[in-house]
Every structure is written in C-alpha cells, then in structure tokens.
Colleague: 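Structure in structure tokens, see below.
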Amino acid sequence: MKKKIGYFEGTDSRLLTSLICKGCDTIPLSNGLDNHGRHIGLVNEVNRLDLIVGYVHKIVAPENVDMNAQDIIRLCATYDIPLLLLAPGPLHKAARKILQNPPKIVKLADPGKAVQAALALLKQ
C-alpha cells in the first residue's frame, strides 16, 4: 500500500516528485486560509496520512484563525502522524520557540535535506 503524504502549499516540487518516484501519493492540504487542498482539520483515522510536510510559516497562523500551530501539532500527535516542518537550519532554534517546544512527532529539517528527512520518517 502506498504511503500518503499531505503537504502544504509552497512545498518544494522536488521533494514531492521524489516522494512520488519512491512510490508515495501526495495530497495537498489547506491550512484553513489558503484553500490549497483538503482542510488539515479533516484529517482523521479514516483518511489518515503517513506524513505531513510543509514550511513552518504554513502552520503558524495569526490570532483568531480556526487552526493554529498547536491545533495542527495536536492533530498529528492524536493520529501519530509525523509532521516535517521545513526551515533553514540556522532558524531551527527560533522555530522551536515559536512552536512552543513541539513534541517529538514534529521534526524540523533544512529544505535542502527535506527528501532525506521525509524518507527517514517514512522508513523508506
């Protein structure tokens, strides 16, 4: 069975193409503001994903928005879905602080190492 990867708008097409070529399916996800694909809040046990990937800024929302970073992290933890967030390596410390020291389900990777990080999380 193919692994299903959810991705937020702006995710590098080289990463997505690499995952497709490794036998995965990719599914666009919306953060609730951009209408890019399936709303992240609709992910559940029935239509679960094996990995969610995107840049940090796609889950950090302004106040009073229906889904914020903590909601998305909680959703991933509830359904045991790794969340791979991309940010330049020197910004990882700041990203962790913004994300309020996220749990181990959240992995940060430099965009240049995204393919390796995704495959490691998928164990491929």
Side-chain angles (χ1 to χ4, degrees):
M1 181 177 215
K2 288 184 173 186
K3 302 254 180 163
K4 293 182 277 184
I5 316 306
Y7 67 93
F8 290 108
E9 182 180 27
T11 301
D12 187 352
S13 58
R14 292 172 293 185
L15 167 60
L16 299 173
T17 298
S18 295
L19 293 171
I20 290 285
C21 289
K22 293 283 187 177
C24 299
D25 285 331
T26 59
I27 301 160
L29 295 175
S30 171
N31 61 9
L33 293 174
D34 60 16
N35 296 318
H36 175 65
R38 179 188 302 161
H39 190 289
I40 183 74
L42 297 177
V43 172
N44 58 39
E45 193 59 47
V46 174
N47 62 4
R48 78 178 308 281
L49 301 165
D50 297 293
L51 175 66
I52 296 174
V53 63
Y55 283 88
V56 171
H57 76 276
K58 293 306 286 188
I59 72 163
V60 176
E63 291 183 27
N64 302 320
V65 175
D66 65 338
M67 292 288 287
N68 62 38
Q70 294 309 311
D71 295 328
I72 293 169
I73 291 169
R74 192 174 314 107
L75 179 143
C76 290
T78 299
Y79 297 111
D80 196 29
I81 303 169
L83 176 59
L84 177 60
L85 295 175
L86 307 175
L91 298 178
H92 285 190
K93 184 177 179 180
R96 279 189 181 83
K97 185 176 179 181
I98 290 167
L99 298 170
Q100 302 172 11
N101 294 315
K104 291 184 180 191
I105 198 94
V106 179
K107 303 294 182 193
L108 289 169
D110 187 273
K113 298 179 181 176
V115 174
Q116 300 92 320
L119 293 176
L121 289 169
L122 293 167
K123 296 172 181 40
Q124 289 193 324

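All of these numbers come straight from a predicted model, not from anything done at the bench.
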Colleague: Please report the interatomic distance SG(Cys76) to CG(Leu49), rounded to the nearest 0.5 Å.
Modeller: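 The SG atom of Cys76 sits 8.5 Å away from the CG atom of Leu49.
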Colleague: Please report the shortest heavy-atom distance between Ser18 and Val115, naming the atom on each side.
Modeller: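 For Ser18 and Val115, the tightest heavy-atom pair comes out as OG-CG2, 3.8 Å.
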Colleague: Can you name the closest pair of heavy atoms from Leu19 and Ala118 and give their distance?
Modeller: CD2-CB, 4.1 Å
Colleague: Kindly give the heavy-atom pair with the smallest separation between Leu51 and Pro82, and that separation in Å.
Modeller: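 Of all heavy-atom pairs spanning Leu51 and Pro82, the closest is CD1-O, 3.4 Å.
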Colleague: Between Asp80 and Arg48, does at least one N-O distance fall below 4.0 Å, as a salt bridge requires?
Modeller: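 So Asp80 does not pair with Arg48 through a salt bridge.
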Colleague: Check whether Leu119 and Leu83 end up in the same hydrophobic cluster, where Ile, Leu, Val, Met, Phe, Trp and Tyr are linked by side-chain heavy atoms less than 4.5 Å apart.
Modeller: no
Colleague: Give the cluster check for Ile5 versus Ile105: same hydrophobic cluster or not, with ILVMFWY residues linked at side-chain heavy-atom distances below 4.5 Å.
Modeller: no
Colleague: Side-chain contact test, heavy atoms from C-beta onward, threshold under 4.5 Å: evaluate it for Leu121 versus Val53 and give yes or no.
Modeller: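 Not in contact.
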Colleague: Using every non-hydrogen atom in the two residues, find where Ala95 and Leu108 come nearest and quote the distance to one decimal.
Modeller: CB-CD1, 4.1 Å
Colleague: Just so I know, are the side chains of Leu86 and Asp12 near enough to count as touching, which here means a heavy-atom distance under 4.5 Å?
Modeller: no
Colleague: Should Leu85 and Ile27 be counted in the same cluster of Ile, Leu, Val, Met, Phe, Trp and Tyr side chains packed under 4.5 Å apart?
Modeller: yes
Colleague: Please check: side-chain N/O of Gln70 versus main-chain N/O of Leu99, any donor-acceptor pairing under 3.5 Å?
Modeller: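 Pair found, side chain donor or acceptor close to backbone of Leu99.
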Colleague: Would you check if the side chain of Lys3 reaches a backbone N or O of Leu122 as a donor-acceptor pair within less than 3.5 Å?
Modeller: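 Present.
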Colleague: Which distance, rounded to the nearest 0.5 Å, do you find between the CG of Leu75 and the CD1 of Ile72?
Modeller: 8.0 Å
Colleague: Closer than 3.5 angstrom, by distance alone: can the side chain of Lys107 be matched with the main-chain N or O of Lys104 as a donor-acceptor pair?
Modeller: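 Side chain of Lys107 to backbone of Lys104, a donor-acceptor pair under 3.5 Å: yes, one is there.
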Colleague: Using modelled atom types only, decide if a donor and an acceptor are shared between the side chain of Ser30 and the backbone of His39 within a distance under 3.5 Å.
Modeller: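 Flag not set: sc Ser30 to bb His39 has no pair under 3.5 Å.
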Colleague: Taking all non-hydrogen atoms of both residues into account, name the closest pair between Ile73 and Pro103 and its distance.
Modeller: CG2-CD, 3.5 Å
Colleague: Does Tyr55 belong to the same Ile/Leu/Val/Met/Phe/Trp/Tyr cluster as Ile98, with side-chain heavy atoms less than 4.5 Å apart forming each link?
Modeller: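 Different clusters: Tyr55 never reaches Ile98 through Ile, Leu, Val, Met, Phe, Trp or Tyr contacts under 4.5 Å.
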Colleague: Report yes or no: do Met67 and Tyr79 belong to one cluster of Ile/Leu/Val/Met/Phe/Trp/Tyr joined by side chain heavy-atom distances under 4.5 Å?
Modeller: yes
Colleague: Atom OG1 of Thr11 and atom NE2 of His36: how far apart are they, to the nearest 0.5 Å?
Modeller: 7.0 Å
Colleague: Between Val43 and Ile81, which heavy-atom pair has the shortest distance, and what is it?
Modeller: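 Shortest heavy-atom contact: CG1-CD1, 3.7 Å.
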Colleague: Give a yes or no on whether the backbone of Lys4 and the side-chain of Asp50 come within a donor-acceptor separation of less than 3.5 Å.
Modeller: yes
Colleague: I'd like to know if the side chain of Asn31 reaches the main chain of Phe8, judged simply by a donor and an acceptor atom lying under 3.5 Å from each other, with no hydrogens or angles considered.
Modeller: no
Colleague: What distance separates Leu29 CG from Ile59 CD1, expressed to the nearest 0.5 Å?
Modeller: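 If we round to the nearest 0.5 Å, Leu29:CG and Ile59:CD1 are 12.0 Å apart.
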